[in-house]
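Report on the following structure.
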Amino acid sequence: MHHIGIDLAWGERQPTGLAVLDDDARLLMVRAVRTDDEIADALAPYVGGECLVGIDAPLIVTNATGSRPAEQRLSKDFRRFEAGTHPSNTGKPEFAGGATRGARVCQRLGLDLNPRSGRARRAIEVYPHPATIVLFGLTKTLKYKDKRGRDLDLLRGELLTLMGHVQEIVQTGTEWATLRLAVETATRKSELRVVEDQVDAVVCAYVAYFRERWPERTTTYGDLETGYIVTPSLPDARAATQEYAAQQPALVEAGAQFVALVTSILDEAGINYLSVTGRTKGVQSFAAKAARTVDGKPVFGDPLREITDQIGVRVITYVHSDVSAVAELLGDQVVVKEDRDMGQETASQGRFGYASRHLLIQLDAARESDRAYAALRGRVAQVQVRTVLQHAWAEFEHDIRYKGDVPDEHARDLDRRFTLAAGLLELADQEFSTIRERLRSTAAGAGGAAGPGPLDVVDDPRIDQRELAAYLAGQYDDAGWSRTDHYAWISGLLLELGITSLEELNDALRGSPDDLNARMDYRYPPGAVRRLDDALLATYADRYVDLHGNAHRRDALRSRLAKLRD
């Protein structure tokens, strides 16, 4: 069967593009002609048997003024892509009396114009602009048509872009290469115009091919009585992409606030971590994901709602036990809608590989009503929590497998090596956890100077960070180390309280309750700094809340103080 495209000029003075594709979308012929006789002669070898001809020109026009119903409906769907139609009516000379050149050409070639016809030799009206939007995932039409304000370089660049897209869906040959060279070397707009008509004809032919192969993914606007236009259907993904593009600036702001929220939650709890970063999914990335199909069916029926990683936050920890601590902490502080341990899922299949904790979070009720979090209301963020070793493996594997070019002959060997590396890194993670636990127990038992901290600063009246870390490891032997900067921060708070030595700190803590953990009802293991923070809050109460160093978190401290008192 032949799939034929005709980019039909409304008169015989301008060039008409012709193109023919076979059942494998291979370009058999492409050229430019002018008269109806030339059209008939050029297409004679291809229309004698089974064929479907896509014609870019009105075939049926019955309305006296304005636009045809088909044009109105198509423009409603595609105007936002700048792919609306021009009005056709019998008031225009080229359609006077309802006679159209397209209908005359169809009659000359013996083609049935009914879009619902089952005959072997048929023709349908098509329109390249909306077809390119759907076929190539464009957000706006390419500006390759000559209009005021468009110079030669712009027209050439846009036409070459279109030709590049066409080459992805059509098997081209030497004729196409000649056309591309003509565009690249053109010095006048008129030279581009001749090529433009032929490229449009190839798009028309492909729409006919598309209509024949995937009728369920094709829309017919209008009908045989008032005129119609056939085009690939605008998937929900396209509309969703447009809406996502409009929302993206607000999403970028929300993404930054989610990063700040997660960071503040971890810092407040004294959880140790390497970094907290975030990203908002780009429009092209969203469009690609929204357009995914399995067996020809869209993966996402409602992309804007179902694609949940539009906002992403990544927490990198040092050891695996901290991954669980972060997950438990987030479960305590915000609403966790979904929690997947990808490492466990991989292990359950008897494999080594990708390991990361994925949580889908949204604001809790208290923050939902807080104006400070207005940008996050109703939004979700995907939080990935992984160790630094898991992160290194995942990033390297992604770059090699999904962004690189792995030859087929090396694929199996690289799979084996990635699996081996994943197993070794899992072992290394376990060893790092053991090392940290051994150091923690050593510090707790010996009371020596263990733990993080920079070199001593001369004449600094604060308690040395390393000494404080060692002291807290012994005081709270079931708590993990906190971030280095957190030891420095709480050492500054101790200075505000007049505590400049471990002996003074020890005396101050003697009056703190022994059941602080029970009172706070933690669902996560709080870090050593957070344990000291609770003890100081319980001991000094409002005086502690009013310290200068606590100015940024007084409301949170008052809430915790009320909980301690209750």
Side-chain angles (χ1 to χ4, degrees), residues 4-21 25-34 38-39 42 54-57 78-86 126-210 231-232 238 241-242 245 282-284 287-288:
I4 301 170
I6 304 177
D7 182 44
L8 187 64
W10 287 9
E12 295 191 353
R13 294 184 179 181
Q14 298 297 327
T16 286
L18 302 178
V20 181
L21 301 177
R26 183 169 55 240
L27 185 61
L28 304 181
M29 180 269 282
V30 59
R31 71 184 60 171
V33 298
R34 292 186 183 273
E38 291 174 332
I39 293 173
I55 302 177
D56 177 20
F78 285 92
R79 186 175 289 113
R80 63 180 180 273
F81 304 100
E82 300 177 357
T85 65
H86 297 289
V126 300
Y127 186 34
H129 276 330
T132 61
I133 294 296
V134 177
L135 294 174
F136 308 133
L138 305 179
T139 57
K140 300 290 183 183
T141 53
L142 295 168
K143 309 304 186 240
Y144 61 96
K145 301 285 186 181
D146 185 17
K147 291 186 178 180
R148 182 179 299 178
R150 299 178 184 176
D151 60 23
L152 178 66
D153 288 338
L154 172 64
L155 297 176
R156 178 182 14 249
E158 295 287 90
L159 185 53
L160 287 173
T161 298
L162 175 60
M163 295 182 78
H165 285 308
V166 170
Q167 286 174 229
E168 295 173 359
I169 59 176
V170 172
Q171 300 180 54
T172 58
T174 55
E175 289 180 311
W176 185 262
T178 301
L179 291 178
R180 190 174 183 93
L181 180 62
V183 174
E184 293 170 345
T185 59
T187 58
R188 293 178 296 183
K189 293 181 179 180
S190 58
E191 297 172 54
L192 296 179
R193 172 63 192 275
V194 176
V195 177
E196 165 204 313
D197 296 322
Q198 296 177 71
V199 174
D200 279 346
V202 176
V203 175
C204 293
Y206 189 82
V207 173
Y209 173 88
F210 190 97
T231 191
R238 300 289 176 255
T241 298
Q242 292 305 300
V283 175
Q284 291 185 344

Q) His165 vs Phe136 aromatic rings, parallel, tilted or perpendicular, using cut-offs 30° and 60°? A) parallel

(Q) For the CG atom of Leu27 and the CD atom of Gln198, what is their distance to the nearest 0.5 Å? (A) 10.0 Å

Q. Mind checking whether Phe78 and Phe81 have parallel, tilted or perpendicular rings, split at 30° and 60°?
A. tilted

(Q) Given Cys204, which partner from the list Asp56, Ile6, Ile4 fulfils the side-chain contact (heavy atoms from CB on, under 4.5 Å) test? (A) Asp56

Considering only distance and modelled atom types, tabulate donor-acceptor pairs under 3.5 Å from the side chains of residues 12-20, sequence neighbours left out.
| residue | atom | partner | partner atom | Å |
| --- | --- | --- | --- | --- |
| Glu12 | OE2 | Asp36 | N | 3.4 |
| Thr16 | OG1 | Ala9 | N | 3.1 |

Q: Hey, could you give me the CG/CZ distance between Leu179 and Arg31, rounded to the nearest 0.5 Å?
A: 11.5 Å

**Q.** Side-chain heavy atoms of Val166 within contact of Val203, under 4.5 Å
**A.** yes

**Q.** Ion pair Lys143/Glu82, N-O distance below 4.0 Å
**A.** yes

Q. CG/Leu155 to CG/Asp146 distance, rounded to the nearest 0.5 angstrom?
A. 5.5 Å

Q: Could you give me the CA-CA distance, side-chain angles and deciding distance for Thr132 and Leu142, then say whether side-chain contact (heavy atoms from CB on, under 4.5 Å) is met?
A: CA-CA 9 Å; Thr132 61; Leu142 295 168; 5.9 Å; no

Q) Counting distance only, does the side-chain N/O of Glu196 pair as donor-acceptor with the main-chain N or O of Leu192 below 3.5 Å? A) no

Q. Taking all atoms of both residues into account, what is the closest heavy-atom pair of Leu152 and Ala186, and its distance?
A. CD2-O, 3.9 Å

Q. Looking only at heavy atoms, which two atoms of Ala25 and Tyr206 are closest? And how far apart?
A. CB-CE1, 4.5 Å

Q. Is a side-chain N or O of Arg150 found less than 3.5 angstrom from the main chain of Lys145, in a donor-acceptor match?
A. yes

Q | Residue pair Val199, Val183: steps toward the side-chain contact (heavy atoms from CB on, under 4.5 Å) verdict | A | CA-CA 11 Å; Val199 174; Val183 174; over 6 Å; no

(Q) Which heavy atom of Val195 sits nearest to which heavy atom of Ala182, and what is that distance? (A) CG2-CB, 4.1 Å

Q: Determine whether Phe210 and Ile169 make a side-chain contact, defined as any pair of heavy atoms from C-beta on separated by less than 4.5 Å.
A: no

(Q) Would you compute the distance between atom CD of Glu158 and atom CG of Asp153 and round it to the nearest 0.5 angstrom? (A) 11.5 Å

Q) If you measure from CH2 on Trp176 to CD on Gln171, what distance do you get to the nearest 0.5 Å? A) 13.5 Å

Q: Any chance you could measure Asp151, atom CG, to Lys189, atom NZ, to the nearest 0.5 Å?
A: 7.0 Å

Q.
Here's a test for you: under side-chain contact (heavy atoms from CB on, under 4.5 Å), which of Asp200, Ile55, Val126 qualifies with Asp7?
A. Asp200

Q) Ignoring hydrogens and geometry, is there a side-chain-to-backbone donor-acceptor pair from Tyr127 to Gly84 under 3.5 Å? A) yes

Q: Quick one: closest heavy-atom pair of Ile133 and Ala83, and the distance?
A: CG1-CB, 4.2 Å

